[in-house]
Amino acid sequence: MKDTEQHYGGVSRFNHWIGALIVIAMLAVGLYFGGLPRGDEKSYLRSLHVSFGGLLFLFLVFRVLWRVFSKSPQPAPQAKQLQLITKVVHWILLLCVLIMAVSGPWIVWSAGYGINVFDLFTIPTPIDRMQGLHKNLEVIHEYTAQVLLYTLILHVLAVLKHQFFDKDNLLARMVKRMR
Ligand code: HEM
Ligand code: HEM
């Protein structure tokens, strides 16, 4: 289950792919409603985003902490500069996910509301309404989403380069169960 020197273990692979699905879905919905004028569609999609966010933010924080504290596999064999760029890109992605997962709930709480999860239950706000904090968190959430988007595009392009130009099947490290 745990990472070894050579391979990503089951927890890391689960975290990567379920995390990727969540991040891409949250990003797509967020970028879409972020560009809409005020109205019913925007409010509906925002409440959907917040409901999923309320359910999933602890998983996203766990996903990042697992990477920070687990013994990662050795970097894939390639030029030293590329290994360094890969490391930087992965850490930017992790930092962005952490910032998004933490700032999201606090945007809602600092507005003085609880996080309503699909009208099933509400995670109450631990603080009073703080307008200044709320505005700043909105800006942080919005700009970090942009950094996340472009870094993610770079990450996926790099994986495609490995698959189709280098033909080193890097993807297998993150897909296959190895012994
Ligand atoms: C279709 C989308 C994606 C593909 C094909 C993909 C593919 C991969 C592959 C093959 C690796 C292993 C690289 C290596 O062994 O050096 C990897 C690692 C990684 N990926 Fe992705 N990825 C995708 C989406 C994402 C997303 C959405 C995130 C987070 C925002 C992400 C974050 C990371 C991180 C942080 C690592 C380093 C290992 C880890 O922390 O789990 N990836 N990815
Ligand atoms: C990786 C996870 C997440 C991603 C990628 C993401 C992405 C986004 C994006 C792109 C926007 C639109 C920003 C704009 O242009 O205004 C947004 C807005 C928002 N997100 Fe997230 N988000 C994530 C997690 C969360 C979580 C966990 C919550 C709360 C539980 C949350 C709550 C909100 C709220 C309330 C807004 C609206 C802010 C406003 O009205 O300006 N997000 N998110």
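Indexing begins at 1, ligand by ligand and atom by atom, following the structure's order. The analysis underlying the following values was restricted to heavy atoms, covering all of them including side chains, and did not include hydrogens, waters or symmetry mates.
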Look at [atom] and say which protein heavy atom is nearest, naming residue and atom and giving the distance to 0.1 Å.
| atom | value |
| --- | --- |
| atom 14 (C) of ligand 2 | E142 CG, 3.7 Å |
| atom 9 (C) of ligand 2 | G30 CA, 3.5 Å |
| atom 26 (C) of ligand 1 | L152 CD1, 3.4 Å |
| atom 37 (C) of ligand 1 | H90 ND1, 3.2 Å |
| atom 5 (C) of ligand 1 | W17 CH2, 3.6 Å |
| atom 17 (C) of ligand 2 | H141 CD2, 3.4 Å |
| atom 15 (O) of ligand 1 | R173 NE, 2.5 Å |
| atom 32 (C) of ligand 1 | L93 CD1, 3.5 Å |
| atom 7 (C) of ligand 2 | M100 CE, 3.4 Å |
| atom 35 (C) of ligand 2 | V50 CG2, 3.6 Å |
| atom 39 (C) of ligand 2 | E138 OE2, 3.4 Å |
| atom 28 (C) of ligand 2 | G104 CA, 3.4 Å |
| atom 24 (C) of ligand 2 | M26 CE, 3.5 Å |

Would you say that [X] contacts [Y] through its side chain, given a criterion of any heavy-atom pair below 4.5 Å between the two side chains?
| X | Y | value |
| --- | --- | --- |
| L93 | L152 | yes |
| Q146 | L31 | yes |
| R13 | R177 | yes |

*Determine whether any heavy atom of R63 lies closer than 4.0 Å to an atom of ligand 1.*
yes
*Is the number of heavy atoms from other residues, nucleotides or ligands under 6.0 Å of M174 CE greater than 12?*
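More than 12 within 6.0 Å, yes.
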*Give a yes or no on this: more than 12 heavy atoms of other residues, nucleotides or ligands lie within 6.0 Å of atom OH of Y143.*
no
Which of the numbered atoms in ligand 1 are below 4.0 angstrom from a heavy atom of [X]?
| X | answer |
| --- | --- |
| L94 | 35 (C) |
| L171 | 10 (C) |
| V159 | 7 (C), 8 (C) |
| V156 | 2 (C) |
| V97 | 30 (C) |

*Once the angle between the rings of W109 and W106 is folded into 0 to 90°, is it parallel (under 30°), tilted (30 to 60°) or perpendicular (over 60°)?*
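Correct class here is perpendicular.
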Which of the numbered atoms in ligand 2 are under 4.0 angstrom from any heavy atom belonging to [X]?
| X | result |
| --- | --- |
| G54 | 30 (C) |
| G34 | 14 (C), 15 (O) |
| A145 | 10 (C) |
| F57 | 27 (C) |

_Minimal non-hydrogen separation, P105 against M100, with atom names_ =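 Closest approach of P105 to M100, heavy atoms only: CD-O, 4.4 Å.
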*Verify the distance test for H155 against atom 21 (Fe) of ligand 1: any N/O/S atom under 2.8 Å, yes or no.*
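Checking atom 21 (Fe) of ligand 1 against H155, an N, O or S atom does fall under 2.8 Å.
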Where the closest heavy atom to [atom] is concerned, which of [options] has it?
| atom | options | result |
| --- | --- | --- |
| atom 23 (C) of ligand 2 | R46, H49, K42 | H49 |
| atom 30 (C) of ligand 2 | G53, G19, G35, A25 | G53 |
| atom 20 (N) of ligand 1 | H16, Q83, K87 | H16 |
| atom 12 (C) of ligand 1 | W91, Y8, F14 | Y8 |

To the nearest 0.5 Å, tell me how far [X] [atom1] sits from [Y] [atom2].
| X | Y | atom1 | atom2 | answer |
| --- | --- | --- | --- | --- |
| C96 | L148 | SG | CG | 5.0 Å |
| R67 | S72 | CZ | OG | 4.0 Å |
| L98 | R63 | CG | CZ | 11.0 Å |
| N116 | T122 | CG | OG1 | 4.5 Å |
| I85 | Q78 | CD1 | CD | 8.5 Å |

*Aromatic ring proximity Y8/H16, centre distance under 6.0 Å*: no
*Would the F33 and Y44 ring centres measure less than 6.0 Å apart?*
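For F33 and Y44, the ring centres are not under 6.0 Å apart.
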*N/O to N/O below 3.5 Å, does that happen between R67 and ligand 1?*
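R67 vs ligand 1: N/O contact under 3.5 Å present.
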_Side-chain (S12) to main-chain (G9) donor-acceptor, under 3.5 angstrom_ =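 Looks like no, no N/O pair under 3.5 Å.
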*Is V23 reachable from V159 through a run of I, L, V, M, F, W or Y residues, each pair having side-chain heavy atoms under 4.5 Å apart?*
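No; tracing contacts between hydrophobic side chains, which count when under 4.5 Å, never links both residues.
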*Residue-ligand contact F33/ligand 2, heavy atom below 4.0 Å*: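 Right, F33 reaches ligand 2.
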*Have Y32 and E41 got a donor and an acceptor in their side chains that come within less than 3.5 Å?*
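Indeed, the side chains of Y32 and E41 share at least one donor-acceptor pair under 3.5 Å.
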